[in-house]
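Everything quoted here is computed from the prediction, not taken from an experiment. All residue numbers in this chain count up from 1 along the given sequence.
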Amino acid sequence: MTPVSSSAFHFTSLVWDWPIAIYLFLVGISAGLVTLSVLLRRYHPEQATSDSTLMRTTLILAPCAIVFGLLILVFHLTRPWTFWKLMFHYSFTSVMSVGVMLFQVYMAVLVVWLANIFSAQVVVLQRRWLPTWRFVEKVLGWLTPMQKSLDIVMLLLAVMLGAYTGFLLSALKTYPLLNNPILPALFLFSGVSSGAAVALIAMSCRYRRNPHSAEAHFVHRIETPVVWLEIFLLFAFFIGLALGDDGKQRALVAALAGGFWAVWFWLGVVGVGLVMPLLLKSWANRRHSPYGVLAVSGMSLLGVLLLRFFILYAGQLTVV
């Protein structure tokens with residue numbers, strides 16, 4: 001059945017609303033930044049120093065985005081004061097519980113990984129504010145030989161986290177548009193795209209006279225195939241709905257054939273988020289001003305956010 005809708009943001013079959021879209025967006029940025037940072041350390045270790053803009057952006061935004069996203073999720077719960085139970089009572093049959101475990105491991109490894117990369121700065125802060133904690137230097141010294149292993153573990157966790165946001169929605173079996181195996185891969189690559197956009201914005205703000213640094217070129221080389229993969233996955237996502245059963249076909253029609261969310265998708269996700277950045281990218285790369293990069297990256301980032309809203313809301317329009 002297709003529920004009667006009072007408005008685009010309020011209808012009878014709606015379970016998860018806009019805070020969940022923001023949460024999904026923030027988690028994708030964190031996973032995308034970490035993925036790009038690990039790849040930079042793997043292929044250009046001479047650039048992946050503590051002075052790297054990408055590494056510094058990851059240091060600040062990767063953990064902060066996760067923390068802020070989880071706070072949104074906690075306060076969105078019916079009984080937010082009982083959230084701590086999720087952190088200690090695990091169930092491998094629950095997608096939400098598996099996600100909690102993944103978040104905990106991800107944050108723990110992320111802190112250790114970042115502390116090792118910025119070990120010199122950590123030691124300076126420790127000596128200044130916690131001089132009795134001399135064990136910090138020893139622990140960082142033990143971690144140094146393990147850096148390559150930490151990079152691999154961190155990359156795996158970032159990929160798993162980026163895909164998990166899609167698994168979280170695809171587990172809703174009564175919503176035919178969301179119950180789609182393409183969704184985890186789509187969210188993973190769109191998350192990397194959002195991480196690249198954030199990194200490029202940070203680089204343009206830091207190096208206004210040279211927005212096309214070596215780091216920026218690396219991010220562009222990763223970003224271009226990722227965007228095309230995102231377009232392919234979107235195409236495969238909708239083709240899968242078109243070739244599915246009656247419920248999936250009705251979900252496709254409800255999402256794309258007319259109405260508010262169809263306009264949102266074609267103008268916002270496709271127009272602003274995909275077509276405009278692709279058309280303007282070569283123009284922005286030829287300019288030595290950072291404003292072109294800021295505009296293109298801003299549109300890409302907005303497109304990923306609009307995609308999260310579209311998938312979440314349009315996906316709940318139709319139930320079976």
Side-chain angles (χ1 to χ4, degrees), residues 1-29 69 72-73 76 95-96 99 162-191 193-194 227 229-277 299-320:
M1 58 172 289
T2 301
V4 176
S5 171
S6 55
S7 73
F9 292 93
H10 300 282
F11 43 89
T12 55
S13 59
L14 183 68
V15 176
W16 286 352
D17 52 2
W18 66 267
I20 302 301
I22 302 295
Y23 157 75
L24 297 172
F25 177 65
L26 292 172
V27 172
I29 288 177
I72 291 175
L73 189 62
H76 191 259
V95 177
M96 184 69 75
Y164 165 75
T165 56
F167 282 115
L168 184 64
L169 294 183
S170 64
L172 300 175
K173 297 182 180 180
T174 57
Y175 296 95
L177 189 145
L178 296 179
N179 187 221
N180 194 312
I182 300 293
L183 204 55
L186 176 61
F187 272 35
L188 170 61
F189 284 103
S190 63
S193 177
S194 66
V227 170
L229 274 170
E230 188 180 350
I231 293 172
F232 169 77
L233 288 170
L234 265 177
F235 180 75
F237 179 82
F238 291 121
I239 288 297
L241 291 173
L243 298 178
D245 56 23
D246 180 65
K248 290 186 179 295
Q249 291 176 9
R250 284 188 289 108
L252 177 64
V253 171
L256 294 184
F260 177 85
W261 290 109
V263 176
W264 181 288
F265 176 78
W266 292 114
L267 293 184
V269 178
V270 176
V272 175
L274 294 172
V275 175
M276 291 297 290
M299 285 188 289
S300 296
L301 191 61
L302 177 61
V304 175
L305 177 61
L306 295 177
L307 175 64
R308 295 294 193 270
F309 270 88
F310 171 78
I311 293 293
L312 186 68
Y313 278 90
Q316 296 179 82
L317 285 174
T318 306
V319 295
V320 292

Exercise for the section: Output yes when a side-chain donor or acceptor of Ser193 lies under 3.5 Å from a complementary backbone atom of Val227, and no otherwise. Expected result: no
Practice task
Measure the CD1-CG distance between Ile239 and Leu233 for me, rounded to the nearest 0.5 Å.
Solution key: 13.0 Å
Exercise for the section: Quick one: list whatever passes side-chain contact (heavy atoms from CB on, under 4.5 Å) with Phe232, sequence neighbours left out. Expected result: none
Completion exercise
Hits for side-chain contact (heavy atoms from CB on, under 4.5 Å) against Pro19, two or more places apart or cross-chain, chain-then-number order -> Asp17, Ile72, His76
Completion exercise
dist Ser194:OG -> Phe189:CZ (nearest 0.5 Å) comes out at 13.0 Å
Completion exercise
CG of Leu234 to CD1 of Ile182, rounded to nearest 0.5 Å, is 10.5 Å
Problem - Where at least one partner belongs to residues 251-269, residue pairs that pass side-chain hydrogen bond (donor to acceptor under 3.5 Å, both in side chains), sequence neighbours excluded - result: none
Problem - Approximate separation, where rounding is to 0.5 Å, of Ile22 CD1 and Leu73 CG - result: 13.0 Å
Completion exercise
Separation between CH2 (Trp16) and CG (Leu24), nearest 0.5 Å, reads 8.0 Å
Completion exercise
For residues 171-187, the side-chain hydrogen bond (donor to acceptor under 3.5 Å, both in side chains) pairs (sequence neighbours left out) are none
Practice task
Quick one: pull up CG in Leu169 and CD1 in Ile20 and give me the separation to the nearest 0.5 Å.
Solution key: 9.0 Å
Can you give the donor-acceptor pairs under 3.5 Å from side chains of residues 304-314 to other protein atoms, not counting sequence neighbours?
| residue | atom | partner | partner atom | Å |
| --- | --- | --- | --- | --- |
| Arg308 | NH1 | Ser190 | OG | 2.6 |
| Arg308 | NH2 | Phe187 | O | 3.4 |
| Arg308 | NH2 | Ser190 | OG | 3.3 |
| Tyr313 | OH | Trp18 | N | 2.8 |

Handout entry: Phe260 versus Ala8, closest heavy-atom pair with distance
Key = CD2-CB, 3.3 Å
Exercise for the section: Could you tell me which residues satisfy side-chain contact (heavy atoms from CB on, under 4.5 Å) with Pro176, sequence neighbours excluded, listed by chain and number? Expected result: Lys248, Ala251, Thr318, Val320
Exercise for the section: Compare all side-chain heavy atoms of Leu241 with those of Gln249 and state whether any distance is below 4.5 angstrom. Expected result: no
Problem - Closest non-hydrogen atom pair between Pro277 and Gly271, with its separation - result: CD-O, 4.3 Å
Fill in the blank from the handout: Those residues at least two apart in sequence (or on a different chain) that pass side chain to side chain donor-acceptor pair (under 3.5 Å) with Asp245 are none
Practice task
For Val263, enumerate each residue passing the side-chain contact (heavy atoms from CB on, under 4.5 Å) test, keeping only those at least two apart in sequence or located in another chain.
Solution key: Leu267
Handout entry: Heavy-atom closest contact (Phe237 atom, Leu177 atom, distance)
Key = CZ-O, 3.4 Å
Exercise for the section: Step through the shown structure and confirm whether more than 12 heavy atoms of other residues, nucleotides or ligands are within 6.0 Å of CZ on Phe167. Expected result: no
Handout entry: Minimum heavy-atom distance Ala257-Ala262, with the two atoms named
Key = N-CB, 4.3 Å
